[in-house]
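Every value quoted in this text rests on a predicted model; they were computed, and no experiment measured them.
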Amino acid sequence: MKVLDLLSHRIGEDFPGVVTGIANFGIFIQLTDWLIDGLIRYEQLMDDWWEVDEHRGFVKGQRTGRRISIGDTATVRVARVDPARRSWTCRSSNFTAGPRPR
């Protein structure tokens, strides 16, 4: 809860993070400095339609072919903090691909 209180004063700021989960409704990002997970919903994620593969842990843009996988690094902007629900949401600034299995 204390982290959310601190984060609520930093709305609009960018932070480094790592993709920690893929779900049918969005991508979970963990901030590397604060070790707290947030959510980016697909409708907020760039201008594309996303094909989700939860079992293999990635999404792929239909139009761009852009692939985002668990382990990719990201720079995210804090969009909203809701301490009562113990949640926060973010928007992506950019993603960098992590190492891919061979």
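- Residues V78 and E13 fail the side-chain proximity criterion, which asks for heavy atoms closer than 4.5 Å.
- The cluster map of Ile, Leu, Val, Met, Phe, Trp and Tyr, joined by side-chain heavy atoms under 4.5 Å apart, puts V76 and L6 in the same cluster.
- Nearest heavy-atom pair across Q30 and T20 is CB-CG2, 3.5 Å.
- The two atoms that bring T96 and R66 nearest to each other are N-NH2, 4.2 Å, heavy atoms only.
- With D48 contributing its side chain and W50 its backbone, the two residues share no donor-acceptor pair below 3.5 Å.
- I22 meets the side-chain contact (heavy atoms from CB on, under 4.5 Å) test with V19, I27, Y42, V52, V59, I70; sequence neighbours excluded.
- Using modelled atom types, no side-chain atom of D72 and backbone atom of F95 make a donor-acceptor pair closer than 3.5 Å.
- Taking a 6.0 Å sphere around CZ of R85, one finds it holds 12 or fewer heavy atoms contributed by other residues, nucleotides or ligands.
- Distance check: T73 OG1 to N94 CG gives 7.5 Å after rounding to the nearest 0.5 Å.
- In terms of heavy-atom proximity, F58 sits nearest to R67 at CD2-NH2, 3.6 Å.
- Heavy-atom minimum distance, G12 versus R77: O-NE, 3.3 Å.
- Annotation: side-chain contact (heavy atoms from CB on, under 4.5 Å) contacts of I36 (sequence neighbours excluded): V3, L4, L31, W34, W88.
- Within a 6.0 Å radius of NE2 in H9, more than 12 heavy atoms belonging to other residues, nucleotides or ligands are found.
- Within the model, atoms CG of N24 and CG of D53 stand 12.0 Å from one another, a figure rounded to the nearest 0.5 Å.
- Note on residues 29-43: no pairs pass salt bridge (Lys or Arg N to Asp or Glu O under 4.0 Å), not counting sequence neighbours.
- Across all their heavy atoms, C90 and G38 have their closest contact at SG-C, 4.4 Å.
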